[in-house]
Amino acid sequence: MIKALIIAVLVVSVAGCSGNQSALDVHGQSAVALKQLIVIMVIACAIIWLLVSGFLVWAVARRREVRDDEVTKRKMTVGVQSAAIATVIIVAGLTMISFYTTRLLNSAADDAVVVTVKGQQWWWQFVYKQDQNQALFQTANELHIPVGRDVRLELESIDVIHSFWVPSLAGKLDLIPGRKNILTMRADRPGIYRGQCAEFCGLQHSHMALMVIAEEKADYERWRMSQAAPAREPTSDEALAGKDVFTARQCAACHTIRGTPAVGTSGPDLTHVGARQMIGAGLLETTRGSLAAWIADPQTLKPGNNMPLVPLTSDELRQVSAYLEGLK
Amino acid sequence: MKERIVLETSRLPLHAMGMASPTWWGTCAFMLIEGSGFALAIAVYLYLMSLAPHWPIGAPPPDLWAGTWLTVVLVISVIPNVLVSRWAESRRLRRVQIGLLVMIVFGIAPLVFRAFEFMALHINWDKNAYGSIVWVLLGLHTTHILTDLVDTIVLTCLMFSRHGDNTRRYGDVQDNSLYWNFVVLTWLPIYACIYWVPRL
Amino acid sequence: MTSAKSVKLAVGLAGICLFFIAVFIGWARQPRQFRVDPPIAAALEQFRLMPNAISGTPAEVYFAMGKPYESTAFDLSQGKRLYAWFGCSQCHGDGTGKTGPSFLDGWWLYGPSMVSIVASIRDGRPHGMPAFKDEMTIDEIWQLAGYVKSVGAYSTSSKAPSRNDDKTDRPAENRAPAAILFNEGPVLPRPDQGPSR
Amino acid sequence: MMGKESSRPLLDTDLDDVVLEARLAKTWETPTGFWGIFATVDHKIIARRYLATAFVFLFLGGLLALAMRLQLSRPEARFIGPDRYNQIFTMHGTNMMFLFAVPVMEAVAIYLVPLMVGTRNIAFPRLNAYSYWVFLFGGILLWLSFALDTAPDVGWFAYVPLAGPQYSPGKRADLWAQMITFTEVAALAVAVEIVVTVFKQRAPGMSLDRIPVLVWAMLVMSFLVILAMPAIMFASSTLILDRLVGTQFYNPAKGGDALLWQHLFWFFGHPEVYIIFIPAVGMVSTILPTFVGRPLFGYLALVSALVATGILSFGLWVHHMFVVGLPRVGESFFTASSMAIALPAGVQIFCWLATLWAGRPVFKTPVLFVLGFIVTFVMGGLTGVMVASVPFDTQVHDTYFVVAHFHYVLVGGAVFPLLGAVYYWYPKICGRMMSERLGRWVFGLIFVGFHLTFFPMHILGLAGMPRRVYTYQPELPWAGLNLFVSLSSLILATGFLLFLIDALRSWRHGRPAGSNPWGASTLEWATTSPPPAYNFRRIPVVSSLTPLLDNDGELTVAAGLRTDRRELLITSVVEALPQSRESSPRNSIWPFLASIATSILFVWSIFSPWAVVWGAIPVALALIAWFWPKGSPEDES
């Protein structure tokens with residue numbers, strides 16, 4: 001009895017105070033439909049569980065004499081048959097609700113924003129498609145989407161199977177190498193929604209998070225324009241020295257900063273890394289200190305990830321982190 | 001607990017043949033295991049074919065002659081196989097011994113053709129998924145023939161030994177011929193799958 | 001019955017000490033190295049080359065670490081990833097050689113030892129081999145060198161990387177590719193060993 | 001042989017009980033010492049070993065679970081690194097599914113099925129010995145790899161391409177795949193033995209409608225094993241081929257497909273979890289009537305529900321793949337079939353409830369575990385119905401909601417009845433009772449510990465915590481619940497520890513149990529506790545579903561078997577009419593030697609494909625020596 005109450009109370013309470021990565025704190029069109037389905041099913045099953053456990057407690061607590069006569073037999077047969085029929089009805093009902101919800105999650109409208117999502121071992125690459133006038137650009141671990149407009153994500157995997165999941169907006173969908181899956185999402189309210197890889201993909205599966213930032217149309221367009229632009233020129237001389245260190249040392253071999261000689265493609269595109277919420281796929285907030293810590297020793301913060309430990313002197317480290325933080 | 005004898009069983013035979021012998025059922029159970037394994041392998045073949053834009057990938061369909069000759073030899077081998085089973089049923093030791101020798105020959109002949117079949121595939125196992133599944137299908141069936149050939153050889157030695165004239169041993173000969181029929185039976189869908197499906 | 005008990009005890013004890021021996025070996029064995037301490041990385045740089053830059057002595061620390069870069073599966077597979085990431089296949093193909101030399105024909109222009117391969121990668125070689133000194137960290141260079149040696153393997157190895165999920169046709173490094181693809185071919189006028197050609 | 005009167009071998013008809021027992025004991029006994037240990041073919045000795053080994057693996061797996069809970073108790077904890085944690089959770093899953101759950105259910109079958117169908121030994125007893133050794137060597141291989149820090153780290157399902165040749169360096173994934181080969185060979189061998197024992201060695205008169213429900217459950221389990229295991233053997237063998245000789249089954253760039261692995265694995269995976277659950281249904285249906293004072297209600301309904309569950313279990317494997325992007329109509333079919341399997345489970349629950357309703361339960365420990373099972377399994381089944389819906393699954397797949405679901409149906413649905421079964425049959429296996437007082441504490445701790453540990457995981461799953469993460473960020477709201485779960489897992493662990501103490505203590509100090517301490521009605525209670533090597537002095541003749549209750553406590557038996565050689569009755573499949581007096585093989589060292597040769601072949605083939613060619617020769621020689629008649633009385637006929 002108490003257990004069913006706990007289910008109901010917790011289901012409702014979690015909705016309020018959860019962080020922004022919960023299937024019950026929903027702000028996306030499909031996630032809202034899914035939450036309704038979850039609540040209906042949880043309550044229906046709680047009631048069934050209550051009935052069954054209630055009957056069990058009653059049947060056990062009756063302390064009556066053992067009865068094996070025909071009347072009891074017939075009563076039991078009728079009881080079991082009706083329970084079986086009830087099960088058929090309930091199961092059929094739940095199946096219908098499930099099919100109904102599936103139909104609700106329709107495919108994207110044709111004016112949807114198209115973004116290619118490339119999952120690779122342990123970070124997310126978002127490639128914004130070229131449409132009429134926007135130049136092609138890419139960013140990492142952060143997906144900006146306009147509020148109220150469909151977003152069509154083309155999911156591709158570079159290496160192993162990952163799973164793109166932002167619970168507040170939509171259900172998850174796997175990225176399978178050799179196949180292309182399409183996921184449709186639409187945010188109803190502006191906000192920052194955290195998502196995480198949901199299919200075990202190796203050493204750092206735990207730190208493969210992404211941020212979806214839903215913003216009003218104007219902000220979104222402004223963001224797109226800024227992302228399409230090449231990197232800002234460093235203002236302070238410390239940042240300038242940092243740029244030289246970046247291009248001279250191993251960093252340029254893996255990372256791209258548009259507008260500088262750094263054109264490596266195996267690591268994330270850092271053209272506007274300073275503007276991102278988090279670095280290391282949801283590992284640390286983007287601050288100068290976290291950038292310095294990450295560059296100084298990526299293997300201690302995220303053991304096994306593919307960024308080597310580049311030995312830098314302390315002032316080189318200060319300069320590079322100043323330069324990267326400036327790349328707004 | 002107190003006991004009351006209600007059934008006299010001393011008249012029963014020490015070993016009943018066919019459906020009444022546990023080894024017959026054991027052979028059937030192992031045939032069910034291997035049968036479901038072969039069915040799965042063919043299902044994987046068809047699944048990979050459904051994915052490929054054109055099938056077979058990067059190779060011509062296998063040449064027919066080696067596989068067809070092997071099928072003919074296998075189908076013909078069923079005749080002496082059934083005869084051996086019948087002679088074993090009627091416990092005629094001499095005929096069973098000769099029959100088993102013939103079955104050894106019928107066990108080796110397909111392996112000769114099988115060597116040519118692997119060459120007739122015109123593909124290596126590591127070239128692509130088509131090569132892999134075709135080599136695995138052929139490899140599985142080759143192991144199937146080999147294991148039953150070894151069984152037949154051991155049974156032949158047994159029937160020539162002092163243990164030969166014994167109902168249980170005739171039961172074993174029957175189980176072995178039942179298993180050989182299964183080896184031939186499983187080859188037919190694999191033959192159709194490897195040789196004729198790419199030509200459809 | 002006591003003999004059965006004692007036998008069971010003996011078998012049980014054997015099992016337990018087998019397990020503890022394995023635990024000790026597991027503990028003694030090097031767990032996978034994700035992070036190379038900067039001092040060790042610096043030490044890895046200090047290998048001394050012969051005057052003609054063909055061979056030399058690896059750093060002491062390389063032996064102290066138990067020569068991991070040519071014998072641990074994780075480092076070799078990281079080497080294979082670096083081979084793909086740093087575009088080595090543009091000149092060396094999948095190891096069979098294009099404009100750059102092949103690793104499969106058993107002929108090492110600068111000697112087959114790890115040190116000379118690391119030197120070739122780090123400092124580059126004349127006739128087109130770029131220096132990766134500022135492109136890769138030293139431990140990555142060692143990992144890549146270990147992988148390059150495994151490409152030319154003549155015997156199967158359980159530590160070498162297996163095939164890739166891509167279109168390469170060459171047999172994988174763990175299947176002794178050099179032995180499979182070995183063909184004497186016409187005797188080419190091989191330059192004697194040394195940095196000519 | 002039979003015709004000559006004078007030297008007619010002594011039949012058991014004209015012998016009184018004491019002489020008969022002495023003579024049968026001499027024929028059927030297993031000698032002590034090394035020879036006895038490695039050459040025994042007595043199904044009871046082998047089953048006891050299977051049970052002991054499986055429970056050792058259970059406790060080792062439990063320690064792994066505690067290590068995982070320690071690492072997850074705090075956000076960004078640094079107790080265990082990612083590489084070691086991935087090995088631990090893979091080992092926990094693989095060990096629990098392949099080295100504990102399936103073998104322990106088969107061990108119960110090996111011990112009880114011959115006794116419950118009224119025969120003297122399992123069919124093909126040497127194959128039974130062989131299967132135990134292969135299972136043991138497989139378990140040792142896996143745990144040695146864990147001790148050597150090279151344990152598989154790709155999850156108990158080893159999805160390709162992570163477990164494939166490119167992204168899983170070294171031999172870790174191969175060890176996993178080869179361990180599958182070991183355990184599947186053992187499981188298939190036992191399944192064949194159980195099928196043939198139930199079909200051909202039932203006591204005369206035990207027609208199909210008089211077979212105990214537990215034996216039906218074990219039969220259905222065996223058919224599931226026979227039809228499902230080839231899928232995983234094909235999958236694991238092709239994975240080793242991909243990694244060793246470069247076949248391209250799972251390489252999308254060369255015509256292969258990553259989803260091929262998931263289809264093959266889960267086509268085996270879902271029947272596997274029913275292989276673990278269906279024997280538990282048999283155990284509950286056998287324990288309940290004994291403590292309720294009336295026969296089981298709806299025997300026919302229960303048995304047909306068992307068979308229906310078995311058949312349906314092959315039709316719903318795609319519900320593990322709802323989020324890989326399959327066409328929607330395919331997913332809807334599998335939603336319907338996954339929901340449909342709730343019906344037979346429902347019918348079984350209702351039959352048990354009806355039996356309970358019409359009887360007066362006596363609250364001994366086995367019944368406590370049955371009640372705990374019903375409460376827990378119904379909740380697990382309901383969450384199962386929830387995750388069968390595609391949209392629901394897109395939010396909870398690969399999260400801790402699913403972790404909670406399958407622990408409810410596996411620990412709640414199979415381990416609870418198993419613990420009840422241990423308390424119920426321990427007197428029969430060891431001759432001594434387990435203590436009731438400790439039993440109540442064990443049940444209380446395990447039941448409370450289980451729900452406090454696994455119920456909050458539903459909430460963690462809905463709060464967005466994915467599976468198989470070695471750590472999580474401090475700013476996420478999961479820290480509190482994770483700490484709570486980690487602490488309550490200690491309660492669960494104490495419960496299991498107490499169970500171990502009770503089991504070991506009762507081995508020597510338990511109250512001696514008579515042959516039928518619970519007053520049960522099935523044939524295994526007709527023998528002494530523990531049963532003699534030959535099980536029954538004379539093979540029983542059955543005339544109803546409850547042989548010990550009819551003709552007022554007197555056992556009707558068949559006579560006429562010889563006592564100087566190991567003989568048992570072969571009966572027809574449907575009506576169990578006697579057909580022949582088949583002999584049962586004596587002890588033989590060859591199964592042990594054959595299992596060593598097989599293990600060498602399997603382990604060697606991890607490193608070189610030529611192992612299959614050269615390694616097969618010693619295996620063939622051992623099998624030939626095993627098969628070759630030794631001229632013992634069992635071979636004449």
Heavy-atom distance under 4.5 Å to chain A: side chain of [X], backbone, both or neither?
X	result
Gln262(D)	side chain
Asp153(D)	backbone
Glu76(D)	side chain
Phe157(D)	side chain
Val367(D)	neither
Arg467(D)	backbone
Tyr250(D)	neither
Tyr470(D)	both
Ile374(D)	side chain
Tyr85(D)	neither
Tyr472(D)	neither
Trp478(D)	side chain
Thr399(D)	side chain

Checking [X] against chain D: side chain, backbone, both or neither under 4.5 Å from a heavy atom?
X	result
Ile90(A)	neither
Leu203(A)	both
Met208(A)	neither
Gln81(A)	neither
Thr77(A)	both
Asp159(A)	both
Ala44(A)	neither
Ile176(A)	side chain

Between [options], who has the most heavy-atom pairs with chain D when the cutoff is under 4.5 Å?
options	answer
Pro177(A), Ser157(A), Gly79(A), Gly178(A)	Pro177(A)
Leu175(A), Thr101(A), Ile182(A), Ile161(A)	Ile161(A)
Leu94(A), Ile38(A), Ile97(A), Thr87(A)	Ile38(A)
Asn181(A), Val88(A), Thr72(A), Leu183(A)	Asn181(A)
Leu104(A), Val52(A), Leu155(A)	Val52(A)
Gly195(A), Ala83(A), Ser30(A)	Ala83(A)

So that I know where these two stand, are [X] and [Y] an aromatic pair - ring centroids less than 6.0 Å apart?
X	Y	answer
His451(D)	Phe447(D)	yes
Tyr193(A)	His27(A)	yes
Phe200(A)	Trp156(D)	no
Trp352(D)	Phe373(D)	yes
His458(D)	Tyr408(D)	yes

Exercise for the section: Taking atom types as modelled, find out whether Arg194(A) and Gln21(A) have a side-chain donor-acceptor pair closer than 3.5 angstrom. Expected result: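 Yes, Gln21(A) and Arg194(A) have a side-chain donor paired with an acceptor closer than 3.5 Å.
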
Problem - Minimum-distance pair of heavy atoms, taken over all atoms of Pro289(D) and Val284(D) - result: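 Scanning both residues completely, I find the closest heavy atoms to be CD-O, 4.3 Å.
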
Practice task
For residues Pro167(A) and Ala23(A), report the shortest heavy-atom separation together with the two atoms involved.
Solution key: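 Smallest heavy-atom distance, with atoms named: CB-N, 3.7 Å.
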
Practice task
Test ring pair (Phe, Tyr, Trp, His ring centres under 6.0 Å) on His319(D) and Phe334(D) and set out the steps.
Solution key: CA-CA 6 Å; His319(D) 66 226; Phe334(D) 282 97; 8.2 Å; no

Which one wins on heavy-atom pair count under 4.5 Å against chain A: [options]?
options	value
Val324(D), Val378(D), Leu356(D)	Val324(D)
Gly359(D), Ser332(D), Gly346(D)	Ser332(D)
Val347(D), Val160(D), Val292(D), Asp257(D)	Asp257(D)

Could you tell me whether the side chain of [Y] reaches within less than 4.5 Å of the side chain of [X], counting heavy atoms only?
X	Y	result
Phe363(D)	Val60(A)	yes
His263(D)	Met321(D)	yes
Leu301(A)	Asp297(A)	no

Check whether any side-chain N or O of [X] sits under 3.5 Å from a backbone N or O of [Y] as a donor-acceptor pair, and report yes or no.
X	Y	value
Ser389(D)	Val385(D)	no
Lys172(A)	Phe164(A)	no
Thr95(A)	Val91(A)	yes

Problem - Atom pair CH2/CD of Trp124(A) and Gln196(A) - distance to nearest 0.5 Å - result: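 It comes to 9.5 Å.
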
Handout entry: Gln473(D): side-chain hydrogen bond (donor to acceptor under 3.5 Å, both in side chains) partners, not counting sequence neighbours
Key =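 With neighbours one apart ignored, the set is His207(A).
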
